[in-house]
Amino acid sequence: MDSATIRKKFLEFFESKGHKIVPSAPLVLKNDPTLLFTNSGMVQFKDNFLGNAVPQHNRIADTQKCLRVSGKHNDLEDVGLDTYHHTMFEMLGNWSFGDYFKKDAIAWAWELLTEVYQLPKDRLYVTVFGGDKGDNMPVDTDAESLWKQHISADRILYGNKKDNFWEMGEQGPCGPCSEIHIDLRSEDEVKKKPGKELVNNDHPQVVEIWNLVFMEFNRKADGSLEKLPAQHVDTGMGFERLCMAIQKKTSNYDTDVFRPLMDFIALHADNYKYGSDNKKDIAVRVMADHIRAVSFAIADGQLPSNTGAGYVIRRILRRAVRYGFSYLNFKEPFMYRLVNLLALQLKDVFPELHKQEDYVTRVIHEEEISFLRTLEKGLKRMEVFDKSISGEQAFELFDTFGFPFDLTSLIARERGLTVDEKGFQEEMQKQKSRSKADAAKETGDWVLIGEDKKTEFIGYEHLESEIRIVKYRKIKQKNKELFQLVFDKTPFYAESGGQVGDTGVIESVNEKVFITDTKKENELIVHLSERLPESFGSAFFARVDARKRELTKDNHSATHLLHAALRQVLGKHVEQKGSLVNEKILRFDFSHFAAMTPEEIEKVEAIVNEKIRANIPLNEQRNVPIEKAKSLGAMALFGEKYGEFVRVITFDPQFSVELCGGTHVSATGNIGLFKIVSESSVAAGVRRIEAVTAQGAQDFVNGSMALLDELKTLMKNPKDISASLQNLIEEKHSLEKKLEAMYQQQANLMKDELARKVSKQNGASVIVEKVSVPNADTLKNIAYALRNQFADLLLILAADIDGKPQVAVMIGEQLAATNKYHAGNMVKELAKEIDGGGGGQPFFATAGGKNINGLDAVLVKGKSLI
RNA sequence: GGGGGAUUAGCUCAGCUGGCUAGAGCGCUUCCAUGGCAUGGAAGAGGUCAUCGGUUCGAAUCCGAUAUUCUCCA
């Protein structure tokens with residue numbers, strides 16, 4: 001059975017059991033402070049379990065893209081070394097929200113595995129929660145007796161709290177779980193040692209394939225458990241492992257999920273035969289695994305970058321390049337060539353990659369080029385080491401120049417150098433604790449005041465409202481205390497979809513508290529304040545900063561018009577890749593492969609302004625089923641998570657239809673004026689436009705006009721200001737040249753004059769004179785010119801440069817060779833006469849000072865030094 | 001968000017612990033040679049050493065700020 005069929009059968013099976021099949025959520029998370037990436041199937045349903053959102057179906061199943069690159073059990077550096085860890089993997093799951101519970105979950109799991117997939121019953125084991133004294137929890141006898149209806153008692157094992165009691169976090173929903181394990185070893189081995197003894201023992205071929213979580217408790221802040229009002233089921237089955245089991249392989253990498261990628265890699269690595277060299281095999285696995293994580297992250301809108309989630313993606317890609325570079329001799333970009341294969345392979349399951357193949361390929365290619373350049377520079381830097389490389393040096397290579405440590409030690413070994421790995425690790429540790437100290441953040445417990453229910457957002461209609469505080473908590477960051485408040489309903493818009501959060505105040509009869517920002521934590525709307533209201537029990541009057549909201553609205557609606565105009569002018573490949581909308585500016589990142597020409601920019605701007613003047617009324621539709629929204633032509637963004645019902649913002653159905661939760665003008669005319677301020681590049685294949693609207697645009701235009709007027713006036717109103725400025729620059733340049741030539745000429749004249757005053761003393765051509773020159777350069781020029789003329793020169797010049805004294809001493813080449821005179825020492829001595837100091841090289845030195853009247857004394861002393 | 005680098009000719013980069021009249025290769029211009037070429041030779045143009053401030057007799061070089069950029073950590 002191929003992997004596509006396995007996946008299809010899973011979804012069909014649960015559909016037949018009344019489940020709604022939903023698409024995978026994006027890999028990259030936007031509004032979750034505790035997670036960067038989706039790391040399990042339940043992430044997209046977190047709010048349903050926490051009570052922040054109401055599920056739209058009570059039975060759901062899907063396959064979810066997951067990324068595990070951090071945390072205790074899944075260090076990125078381990079992936080590829082063994083045969084079963086991955087960065088990106090698919091998790092098949094089925095959920096019940098207050099609907100069916102243990103009985104059906106267990107029965108269906110068994111039916112699917114043994115009847116649909118035909119997995120051998122005599123190789124399956126199940127575990128159930130064996131109880132925990134600390135929590136005062138008994139054995140999960142419900143699960144145990146339910147299992148006994150399907151499987152013999154000796155195949156049911158008890159698990160401890162660590163393996164068989166699942167918790168979302170320190171607080172919140174939790175419950176016992178039941179895992180299904182499979183023994184994939186050969187008959188001989190099974191005879192030697194029963195699989196039972198290897199369950200949960202990290203054996204690569206006796207593995208857990210499915211975890212059924214039965215959520216029935218809530219862990220409270222004091223650690224105690226309370227029964228949830230409704231029971232839920234949350235299951236997760238590793239797709240790659242399941243394929244391995246069904247396809248009777250001994251490694252995930254031997255399934256048809258990875259094999260096509262690996263064959264392609266091996267073929268291009270000088271037709272390497274996979275399986276013949278352990279190190280090379282690892283490299284092949286690393287590359288095959290990592291391209292999946294990187295490609296899908298980019299398709300979901302996460303570009304490689306140097307911070308946060310983007311940095312994780314960069315690191316994954318670079319790790320793959322590093323392995324290819326070191327072990328498979330890939331010295332040119334190669335990873336990008338795998339995208340096509342992957343996109344085709346998963347076209348039907350995750351179409352987002354196939355639809356953006358060109359873009360993703362391009363981003364990866366560019367990123368590879370830049371990393372290979374970094375490697376090249378590092379290699380060059382390594383050339384200076386000849387014996388040993390200290391920990392600090394290795395760390396500097398890594399930390400400052402991005403040169404990976406394992407490459408440093410690899411190359412060191414090749415060249416017979418030693419590397420201090422311990423020292424490197426110490427430096428690394430220092431850096432980590434530095435960063436951690438900086439990012440330290442303490443989050444307090446939520447303190448409940450009113451009834452904890454989902455906050456109603458009323459900000460589309462209201463900017464003011466009476467509200468009550470439902471709960472609050474304290475957070476501490478960089479020694480600054482902040483408070484997060486949650487209201488029963490709120491007019492404050494929480495930052496999302498690029499639009500910044502509202503600010504404003506909440507007031508009661510006797511106090512006023514400023515709301516400095518509004519954010520979303522998943523579905524929860526959180527208001528930030530610098531202090532806690534004293535009487536939070538009472539009602540407050542909440543007021544949003546209306547001016548700011550107004551300006552932000554203008555910018556947000558203009559962003560929609562811009563998006564539509566860009567697609568009209570540049571083509572349908574333009575997709576939003578990022579957006580920032582605040583009261584001052586709008587910033588829009590989009591996929592496009594070349595810099596926009598001035599004509600294109602002008603055209604886009606013209607279209608937007610035309611739509612503004614047409615004063616198109618806003619058509620806002622809420623709770624539109626997503627399928628219907630799409631059929632209206634609404635643009636859904638890759639990497640954005642949409643519910644089943646969405647809000648659709650339309651400005652002329654023929655022009656701009658977008659799924660959007662932001663706030664908008666009632667008609668485009670309100671925007672007034674739209675002005676593009678800049679167009680630039682953010683990454684390969686991504687351009688950025690910054691623009692202003694309304695008052696901002698007016699200020700921008702006025703500012704530019706004022707500047708232009710000022711320039712015109714300064715330049716006496718020329719016909720063509722640009723041409724005359726150009727002229728001015730050229731003229732200045734040529735004048736500079738002429739002036740320099742003049743000085744040179746002057747220096748020559750002075751040189752000739754000085755040359756006539758030369759006298760022979762002690763076998764040297766001596767000149768000791770006072771001169772007046774325009775600048776220090778000229779003095780230097782004279783000295784060098786005389787040096788070229790007299791090989792036995794001994795020159796002492798006391799110069800008046802614009803009223804400042806300076807002394808120059810020059811010794812001719814021939815005389816310098818005798819070491820009789822040292823210009824540096826001489827000038828130091830002479831400098832005393834002008835209250836200054838100086839120095840230089842043995843043959844030429846200068847000194848400056850404060851006392852212009854000392855020049856004559858310099859001459860006297862100068863003569864005495866000869 | 002925190003740390004460490006970098007910014008010098010059109011391009012790629014040298015320039016040590018202040019004291020070159022700031023250099024190299026490629027490219028460019030002109031001339032000469034060669035049957036063609038990624039040819040050979042000669043001469044030449046091209047620089048606000050990122051910007052602003054400071055220290056110093058003197059700053060490409062040291063210090064601070066800003067901008068841009070690379071890199072590591074969170």
Side-chain angles (χ1 to χ4, degrees), chain A residues 33-34 36 69-70 76 304-312 314-315 318 367 369-371 373-378 380-381 384 392-405 408 424-425 427-441 477-480 680-683 729 732-734 736-737 740 743-744 747-748 751 775-788 798-799 801 804-810 822-852 854 858:
Chain A
T34 62
L36 285 176
V69 281
S70 50
L76 171 62
S305 74
N306 57 0
T307 53
Y311 180 57
V312 175
R314 170 167 287 173
R315 243 169 45 191
R318 290 188 167 190
E367 185 71 16
I369 290 174
S370 110
F371 184 54
R373 201 160 39 216
T374 300
L375 287 184
E376 207 177 300
K377 284 191 177 171
K380 210 170 155 193
R381 271 190 177 270
V384 302
E392 285 87 10
Q393 286 168 329
F395 185 72
E396 192 198 18
L397 273 173
F398 172 69
D399 177 66
T400 304
F401 303 103
F403 199 73
F405 180 76
T408 301
F424 173 83
Q425 296 299 350
E427 291 296 316
M428 193 76 201
Q429 207 45 51
K430 276 190 220 162
Q431 150 114 316
K432 282 189 175 170
S433 42
R434 232 190 345 253
S435 290
K436 261 203 183 114
D438 176 70
K441 177 177 153 186
Q477 202 163 12
K478 299 201 178 196
N479 292 323
K480 230 181 113 185
S680 58
S681 157
V682 247
I729 292 168
K732 172 189 166 270
H733 202 220
S734 96
E736 270 172 357
K737 292 276 160 203
E740 206 180 304
Y743 282 146
Q744 188 60 46
N748 272 332
K751 183 212 83 177
N775 56 38
D777 248 8
T778 308
L779 187 67
K780 203 185 243 178
N781 280 335
I782 295 169
Y784 272 94
L786 285 167
R787 180 173 184 249
N788 289 338
I801 302 173
K804 276 185 152 183
Q806 182 146 10
V807 178
V809 176
M810 175 68 92
H822 190 282
N825 294 340
M826 286 168 75
V827 89
K828 271 188 190 124
E829 193 54 34
L830 296 170
K832 288 177 186 165
E833 303 300 328
I834 51 168
D835 294 347
Q841 303 116 287
F843 73 96
F844 179 64
T846 58
K850 297 181 189 85
N851 181 17
I852 186 82
V858 169

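Quick caveat, the model's predicted, so the values are computed rather than measured.
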Considering every strand and a 4.0 Å limit on heavy-atom distances, what is the contact class for [X]: base, sugar-phosphate, or nothing?
X: Gly836(A); value: nothing
X: Ser433(A); value: nothing
X: Ala831(A); value: nothing
X: Gly824(A); value: nothing

Can you tell me the Watson-Crick or wobble partner of [N], both distances under 3.5 angstrom?
N: U48(B); answer: none
N: U68(B); answer: A6(B)
N: U56(B); answer: none
N: G1(B); answer: C73(B)
N: G18(B); answer: none
N: C13(B); answer: G23(B)
N: C31(B); answer: G41(B)
N: U61(B); answer: none

Span that lies between the [atom1] atom of [M] and that of [N], in whole angstrom:
N: G18(B); M: A60(B); atom1: C1'; result: 11 Å
N: G35(B); M: G40(B); atom1: P; result: 16 Å
N: A65(B); M: A22(B); atom1: C1'; result: 26 Å
N: G46(B); M: C11(B); atom1: C1'; result: 13 Å
N: C37(B); M: G19(B); atom1: C1'; result: 48 Å
N: U8(B); M: U61(B); atom1: P; result: 13 Å
N: C28(B); M: G47(B); atom1: C1'; result: 16 Å
N: A6(B); M: A50(B); atom1: C1'; result: 11 Å

*Taking syn as within 90° of 0 and anti otherwise, name the glycosidic form of C20(B).*
syn
*Under 4.5 Å between any side-chain heavy atoms of Gln431(A) and Asp399(A), yes or no?*
yes
*With a 4.5 Å limit on heavy-atom distance, are the side chains of Arg318(A) and Ser370(A) in contact?*
yes
If you only use heavy atoms from C-beta on, which nucleotide in [options] is closest to the side chain of [X]?
X: Gln841(A); options: U71(B), C20(B), G1(B); value: C20(B)
X: Arg315(A); options: C72(B), A74(B), G5(B); value: A74(B)
X: Ser370(A); options: U71(B), A74(B), G19(B); value: U71(B)
X: Arg434(A); options: C20(B), A74(B), G3(B); value: G3(B)

_Would Arg381(A) and Leu397(A) count as a side-chain contact (heavy atoms from CB on, under 4.5 Å) here? Give the steps._
CA-CA 8 Å; Arg381(A) 271 190 177 270; Leu397(A) 273 173; 3.9 Å; yes
*Indicate yes or no for a side-chain donor-acceptor contact from Ser433(A) to the backbone of Lys430(A) under 3.5 Å, with no hydrogens or angles considered.*
yes
*Give a yes/no answer on whether the side chain of Arg314(A) brings an N or O atom under 4.0 Å of OP1 or OP2 in U71(B).*
yes
*asked:* Using OP1 and OP2 only, check whether a side-chain N or O of Arg318(A) sits under 4.0 Å from C72(B).
replied: yes
Nearest-Å distance, [atom1] ([X]) to [atom2] ([N])?
X: Lys780(A); N: A59(B); atom1: NZ; atom2: P; result: 10 Å
X: Gln431(A); N: G4(B); atom1: CD; atom2: C1'; result: 8 Å
X: Lys377(A); N: A6(B); atom1: NZ; atom2: C1'; result: 8 Å
X: Glu376(A); N: C13(B); atom1: CD; atom2: C1'; result: 13 Å
X: Asp777(A); N: U48(B); atom1: CG; atom2: P; result: 15 Å
X: Met810(A); N: C20(B); atom1: CE; atom2: P; result: 10 Å
X: Phe403(A); N: A6(B); atom1: CZ; atom2: C1'; result: 18 Å
X: Arg381(A); N: G5(B); atom1: CZ; atom2: C1'; result: 8 Å

*When rounded to the nearest 0.5 angstrom, what is the spacing between NZ in Lys804(A) and CG in Asn851(A)?*
13.5 Å
Presence of donor-acceptor pair under 3.5 Å, side chain of [X] and base of [N]:
X: Asp399(A); N: G5(B); value: no
X: Gln806(A); N: C57(B); value: no
X: Ser435(A); N: G3(B); value: no

*Is the Lys NZ or Arg CZ of Arg787(A) less than 6.0 Å from the centre of Phe844(A)'s six-membered ring, within 45° of the axis?*
no
*5' precedence on RNA chain B between Asn781(A) and Lys804(A) (nearest-nucleotide basis)*: Asn781(A)
*Closest nucleotide of RNA chain B for Asn788(A) versus for Lys850(A): which of these residues is on the 5' side?*
Asn788(A)
*asked:* Which label fits Phe398(A) and Phe424(A): parallel for a plane angle under 30°, tilted from 30 to 60°, or perpendicular past 60°?
replied: perpendicular
*asked:* Please evaluate residues Lys380(A) and Lys377(A) with respect to the criterion side-chain contact (heavy atoms from CB on, under 4.5 Å), reporting the C-alpha separation (whole Å), side-chain torsions for both, the decisive distance (0.1 Å), and the verdict.
replied: CA-CA 5 Å; Lys380(A) 210 170 155 193; Lys377(A) 284 191 177 171; 5.6 Å; no
